[in-house]
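Order of the sequence lines fixes the chain letters, A, B, ..., with proteins taken first and strands second; residue numbering starts at 1 for each chain. None of these values were measured; they are calculated from a predicted model.
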Amino acid sequence: MNRREFVRLGALLGMSTGISILAACAPNAPTAQPAATAPTPTGTLTIAQGVDAESLDPYVTTSGASKGMLWTIYDRLVFRDLDLALKPGLATSWKALDDSTWELKLRPGISFHNGEPFDANAVKFSFARYVDPSIKNGYATLLKPVTDVQVIDPMTVRVKTSEPFAELIETLSAYVEMLPPKAAADPNAVASKPIGTGPYKFVSWTPNDRFVVQDAGAHWNGSPRMQRVLFRPIPDSTARINELKSGGVDIITNVPPLEISTLQGAAGISLARATNAGSIILIPSFMNTDVFKKKEVRQALQYAIDKDQLIKVVLRGEAVPMSSPFPKGVAGGYVDGLPQYAYDPEKAKALLAQAGYPDGFSFNFKAPEGRYLQDKAVAEAITGQLAKVGIKAELETVEWSTYVQGIVGRKYELFLLSQGGLQVGPAVQTNWSSRIKGIAWQGYTNPTVDGLIDTAAKQVDAAQRVATYEQLMRTAWDDSPWIFLYHQQDIYGVGNRVKNFRPTSEAIVQLGDTQVTG
Amino acid sequence: MLVVVVTALVSLIWTPHPAGEQDLDRSLLAPGWSGFPFGTDLNGRDLLSRIMVGARASLFVGLASVAIGGLIGLVLGLMAGYFGGWPDALIMRLVDIQLSLPGVLLAIAILAAIGKGLFNVVLVLGFVSWVQYARLVRGSTLATRAREFVLGARAVGASDARIMARHILPNIAGPLMVVATINVSSNILSEAALSYLGVGVPLSTVTWGGMLNEGKQVFAVAWWNAAWPGLAILLAVFGTNLLGDGLSADEG
């Protein structure tokens, strides 16, 4: 496998893990800021993340870290604000004309940093490039139903779809950045000198060292607050923390819960938290094992794992137990009042006996290491808890890129992953539908679930769609295609020069109203 | 060193607690707590028990990898030194190639290719360390094969194999033992490094290097998690080196 394919594979899994990480939110500029208070941009903000961008091509990158970097430069047609509400971006309004046509009105008077105007042609070009096979966009399938983009006039486009595409607008808010048709005709130019319509313009990128953008002048969504913004990759968490303490950087991402104590009491440093929209779950294979085909066994696992204790001890309290397949606030994905799987080893044993495994069983359990908060220790603790009801899990941690291949290749028996996220449609399609057989699908087959997923995908009416998804959540919560665990807390360290920084549930750094002083 | 051997042996029949037994209710207990003299790790496992069990892996890797490396090095070194000519040239070029690659880096690369596992670690460390033995053996063999008793043996018609085994080997065994002993400690250290980096052994195998890695992650709240395996590695390596020095002094 060459590097390119490898990156793509990562991208695909990124999608499955993520729609969570990815599906978006976030404006790339201050939200709803009263124009009267717009200050002149001051200072340099430096942000240290655990990883660097894989590429500067927004249709090639997948990680939340690189989205945070690139969304300073690019705008999307629609975005989610820091409270996850969909807001008009480069499109000011939209409506469904019929079952297979969406019409979008574009924001007038916007130009790219190189002077090209933003208009309907830019939208048409961006959509075409998004699905261009030579770009190898891992998310290209998100726009699969789109058959044509018609330019009606410079500020109006019609998106034709092969079937009702209910979640077009949500999908556009996730990942479809708008590129300049002339400058972006050359793929190498996109990767080396990104040009967007965002509040900041590209200055330089030294891979594994720094990414620099600077104030691009007045912006439709509030002007930039900083003159320059720097992103630096610092993989080691202790090194990140030390940089923050020494004042070398202003904001750091991914503070491990066990290292929080080294930041407490450090002068001027505060912590910011956001509950991650990803759902940390165990995914059983319905292909490589027979045991997990039995609902009683899957439910037994739900009861046998003491989520509260995992969170309290191993995660030091930095997580929220799942109470629905998707986090609170996700329309259709979060259903209030589902019967909870409280820790009950006796019930787990009874269910196992009922399923024909009174003495338990054994299986191979895979987990990543260093990808999610305390992932290895969590997996080990789960192994210990399962042992108490007689289930023997043989745990192995796998390096991330190999892990992704194992999941996509459907080689595992049970594994730990983050799924869920803010957008229900793509997540359930990639995971639960035996008709679509998406990338994270592991053989789960339930006609009711399949039917609900298909129905919802075509329900353009949001209220109807949400109702269908809620029904789907009730079915899935009981049928347990996933073993539901928790939503982790993303923890940021913030230096005293920083004002108004707000983390989001997408683990993508967004500047919002963030300012620096001094 | 003796302490490590005894600990490893004792751990086969007895540890204070099962080394893999988790109990989240006793996470990160400090040393001295009743029943857990070394404290516990994040998952509530007894550190003393794990240190004891970890001694097995360290000893096994240290000894077995030296045996493998030593055997390969011995055979090739003997051949190179005894026969000279093209076997010598060939083997010594192999040695040069191997020496140009950093050992631990090579080990990481090979392990990434063949997969984790205690036995794989042993093989890899054996294969990356044969060079030292080969060079040593070749040098000693060169010096020994010109001596009168070897010439005498050859004069009475002894076979090459017999001469190597009966006349040369005993005379080079001393320095070989010294190098081997010192290598035991360096291989223990290498195994710890590999496990620390997470490329060594699977999770179910308790090693000091792996414990050190876990200890680092909780260092801010429970320093003893990193201290014990660190001390254990220090003791084992120091002890083995002392043993090697002792042998070396006897040799001299």
Do the non-hydrogen side-chain atoms of Glu369(A) and Asn213(B) ever get within less than 4.5 Å of each other? yes
Measuring only between side-chain heavy atoms, which start at C-beta, is Glu399(A) closer than 4.5 Å to Val199(B)? no
Does atom NZ of Lys388(A) have more than 12 heavy-atom neighbours from other groups under 6.0 Å away? yes
Is it the case that more than 12 heavy atoms not belonging to Lys347(A) sit under 6.0 Å from its NZ atom? no
To the nearest 0.5 Å, what is the distance between CG on Leu24(B) and NZ on Lys312(A)? 9.0 Å
From Ser27(B) OG over to Gln309(A) CD, what is the distance, rounded to the nearest 0.5 angstrom? 9.0 Å
So what's closer than 4.5 Å to chain B heavy atoms on Thr397(A): side chain, backbone, both or neither? both
Side chains of Leu28(B) and Val313(A): does their closest heavy-atom pair fall under 4.5 Å? no
Using only atom types and a distance under 3.5 Å, with no angle test, would you say the side chain of Glu380(A) pairs donor to acceptor with the backbone of Asn43(B)? no
Under 4.0 Å between a Lys/Arg side-chain N and an Asp/Glu carboxylate O for Lys216(B) and Asp236(A)? yes
Report yes if some heavy atom in the side chain of Arg316(A) is under 4.5 Å from a heavy atom in the side chain of Val221(B); otherwise report no. yes
Does any part of the side chain of Lys376(A), heavy atoms only, come nearer than 4.5 Å to the side chain of Gln217(B), both counted from C-beta? no
Neighbour count >12 (heavy atoms, 6.0 Å) for atom CE, Met177(B): no
Does the distance from a Lys or Arg side-chain N to an Asp or Glu carboxylate O, for Glu396(A) and Lys116(B), drop under 4.0 Å? no
Part of Leu310(A) lying under 4.5 Å from any heavy atom of chain B: both
As an exercise, state the distance from OG1 of Thr238(A) to CZ of Phe219(B), rounded to the nearest 0.5 Å. 10.0 Å
Does any backbone or side-chain atom of Asp25(B) lie under 4.5 Å from a heavy atom of chain A? Answer side chain, backbone, both or neither. both
Counting only heavy atoms not in Arg56(B), do more than 12 fall under 6.0 Å of its CZ? yes
Looking at Gln22(B) and Ala381(A), what are the two nearest heavy atoms and their distance? OE1-CA, 3.0 Å
By a 4.5 Å heavy-atom criterion (distance strictly below it), what part of Glu21(B) contacts chain A: side chain, backbone, both, or neither? neither
